[in-house]
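Just so you know, these numbers come straight off a predicted model, no measurement behind them. Start at 1 and go down the list; that is how both ligands and their atoms are numbered.
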Amino acid sequence: MLTAGPTYEPIDPVRFIGNHSSGKMGFALAECFARHGAQVQLVSGPTNLTVSDPAITLTPVTTADEMYAAVLERADAAKVLVFAAAVADYKPRVIADKKIKKAGNELTIELVKNVDIAAALGKQKKDDQFFVGFALETDNESANAAEKLRKKNLNMIVLNSLNDAGAGFKHDTNKITVIEEHGATAFELKQKSEVAQDIVNLVWERLHG
Ligand code: CTP
């Protein structure tokens with residue numbers, strides 16, 4: 001099971017808080033796991049992407065709460081859980097039921113924390129499940145990623161540094177370092193499909209030796 005893409009948190013009927021996640025990394029991983037024989041549940045926020053492999057079941061969602069509900073339904077049956085979504089950390093406390101009209105020079109929208117899907121699932125992780133998270137960092141990259149690995153009870157975390165040219169949200173390429181409890185594996189800048197293959201290989205090695 002994988003999460004992918006951004007989440008959109010509505011402000012009113014026409015506006016939302018979102019981010020620039022394209023979903024490409026998560027979808028590339030879903031395709032790669034499927035090619036290697038997995039039955040894949042892909043829970044994705046809004047993207048322009050489609051899936052072609054019949055082994056992938058795509059469940060489209062919009063908000064973090066919807067993503068969490070879809071993940072909870074599917075988590076128990078999953079052996080490998082990959083949290084590649086860029087979940088909005090906060091959502092508006094109130095969703096206006098009518099379009100907010102402009103008035104005055106300032107507008108304040110109160111935000112409340114969204115559920116941390118990876119961390120919530122990490123609390124109920126079973127011994128035979130393998131969890132992969134993602135981290136996008138700009139400074140203290142390795143230390144921050146290692147902290148997320150521990151806090152979210154993940155088996156590995158894929159670190160993208162925004163300091164690397166060609167890596168991150170808007171590119172077809174990515175440069176990752178995979179951090180595990182006992183060490184780190186750095187990879188070259190590659191196409192996201194090749195990055196997906198590296199991650200799947202590493203997960204396979206950890207599961208099957
Ligand atoms: N994640 C999640 N649910 C959230 C936030 C994050 O499932 N509400 C998952 C992401 O899919 C990713 C990992 O947690 O696998 C790390 O997300 P990131 O946003 O980098 O970390 P945060 O814990 O939100 O920390 P910060 O934004 O402060 O760096």
Side-chain angles (χ1 to χ4, degrees), residues 1-10 16-30 33 40-47 49 59-76 78 80-93 111-125 129-164 167-170 174-181 184 192 195-196 198-200 202-203:
M1 195 219 66
L2 300 100
T3 67
T7 66
Y8 287 179
E9 310 299 330
F16 60 85
I17 296 171
N19 61 67
H20 289 301
S21 169
S22 64
K24 282 178 185 165
M25 196 61 245
F27 276 62
L29 272 166
F33 276 111
V40 178
Q41 290 287 339
L42 175 60
V43 178
S44 177
T47 75
L49 304 174
T59 304
V61 296
T62 304
T63 65
D65 287 333
E66 288 169 14
M67 185 174 278
Y68 183 48
V71 164
L72 276 184
E73 268 178 36
R74 290 158 182 78
D76 220 34
V80 177
L81 293 89
V82 181
F83 302 95
V87 183
D89 287 328
Y90 294 87
K91 65 180 174 185
R93 181 183 291 282
L111 304 178
V112 293
K113 209 170 202 169
N114 260 329
V115 58
D116 186 323
I117 299 169
L121 270 289
K123 291 206 174 85
Q124 57 183 68
K125 184 165 89 175
Q129 287 184 317
F130 194 91
F131 279 26
V132 182
F134 278 74
L136 185 70
E137 307 285 350
T138 52
D139 47 60
N140 286 330
E141 290 104 324
S142 297
N144 284 341
E147 176 68 6
K148 279 177 194 167
L149 180 79
R150 194 187 57 74
K151 264 173 60 185
K152 301 192 191 205
N153 198 20
L154 304 167
N155 298 85
M156 61 172 62
I157 191 151
V158 180
L159 168 65
N160 302 290
S161 170
L162 272 188
N163 299 328
D164 290 317
F169 275 169
K170 289 201 166 161
N174 209 354
K175 186 167 185 302
I176 61 160
T177 304
V178 174
I179 297 184
E180 297 168 89
E181 200 185 341
K192 284 186 177 172
V195 174
D198 288 337
I199 295 169
V200 170
L202 214 49
V203 170

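- Checking Val80, Val82, Leu2 one by one against Val40, the side chain to side chain contact (heavy atoms under 4.5 Å, CB included) holds for a single residue, Leu2.
- Of all protein heavy atoms, the one lying nearest to atom 18 (P) of ligand 1 is Lys148 NZ, 3.7 Å.
- Backbone and side-chain nitrogen or oxygen atoms of Ala86 are examined, and none is located within less than 3.5 angstrom of a nitrogen or oxygen of ligand 1.
- Neither the backbone nor the side chain of Lys151 comes within 4.0 Å of ligand 1, counting heavy atoms alone.
- The closest heavy-atom contact to atom 27 (O) of ligand 1, among the options Asp89, Leu121, Leu149, Asn114, comes from Asp89.
- Considering backbone and side-chain atoms alike, Phe134 places an N or O below 3.5 Å from some N or O of ligand 1.
- Close contacts of ligand 1 with Lys152, meaning ligand atoms under 4.0 Å from a residue heavy atom, involve 1 (N), 6 (C), 9 (C), 13 (C), 14 (O), 16 (C), 17 (O), 21 (O), 22 (P), 23 (O).
- Residues forming a salt bridge (Lys or Arg N to Asp or Glu O under 4.0 Å) with Arg150 (at least two apart in sequence, or on another chain): Glu147.
- Residue nearest to atom 10 (C) of ligand 1, selected from Ala118, Ala85, Gly133: Ala85 (by heavy-atom distance).
- Summarising the geometry, atom CE belonging to Met1 is positioned 9.0 Å from atom CZ belonging to Arg74; distances are rounded to the nearest 0.5 Å.
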Could you tabulate the donor-acceptor pairs under 3.5 Å formed by side-chain atoms of residues 83-92, not counting sequence neighbours?
unit_1	atom_1	unit_2	atom_2	d
Lys91	NZ	Asp65	OD2	2.7

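- Atom 8 (N) of ligand 1 has as its closest protein heavy atom Val115 O, 2.8 Å.
- Here the shortest heavy-atom pairing between Ile17 and Leu111 reads CD1-CD2, 3.5 Å.
- In the model, Lys125 has a side-chain atom that pairs as donor or acceptor with a side-chain atom of Asn155 under 3.5 Å.
- Considering all non-hydrogen atoms of both residues, Ala184 and Ile179 come closest at CB-CG1, 4.2 Å.
- Although no hydrogens or angles enter the test, the distance criterion places a donor-acceptor pair under 3.5 Å between the side chain of Gln129 and the main chain of Ala78.
- Considering backbone and side-chain N/O of Glu137, none are found under 3.5 Å from N/O of ligand 1.
- The closest approach between any non-hydrogen atom of Met67 and ligand 1 is not below 4.0 Å.
- In this structure, atom 4 (C) of ligand 1 lies nearest to the protein heavy atom Val87 CB, 3.5 Å.
- Across Asn174 and Met25, no two heavy atoms sit closer than the pair ND2-SD, 3.8 Å.
- The shortest N/O to N/O separation between Ile117 and ligand 1 falls below 3.5 Å.
- Interface of Phe83 with ligand 1, defined as ligand atoms under 4.0 Å from a residue heavy atom, comprises 10 (C), 11 (O), 12 (C), 15 (O).
- When the heavy atoms of Leu81, Val82, Asn160, Asp116 are ranked by distance to atom 2 (C) of ligand 1, first place goes to Asp116.
- Taking OG1 of Thr138 as the start and CG of Asn160 as the end, the distance is 12.0 Å to the nearest 0.5 Å.
- When distances from atom 14 (O) of ligand 1 to the protein are checked, a heavy atom turns up under 4.0 Å.
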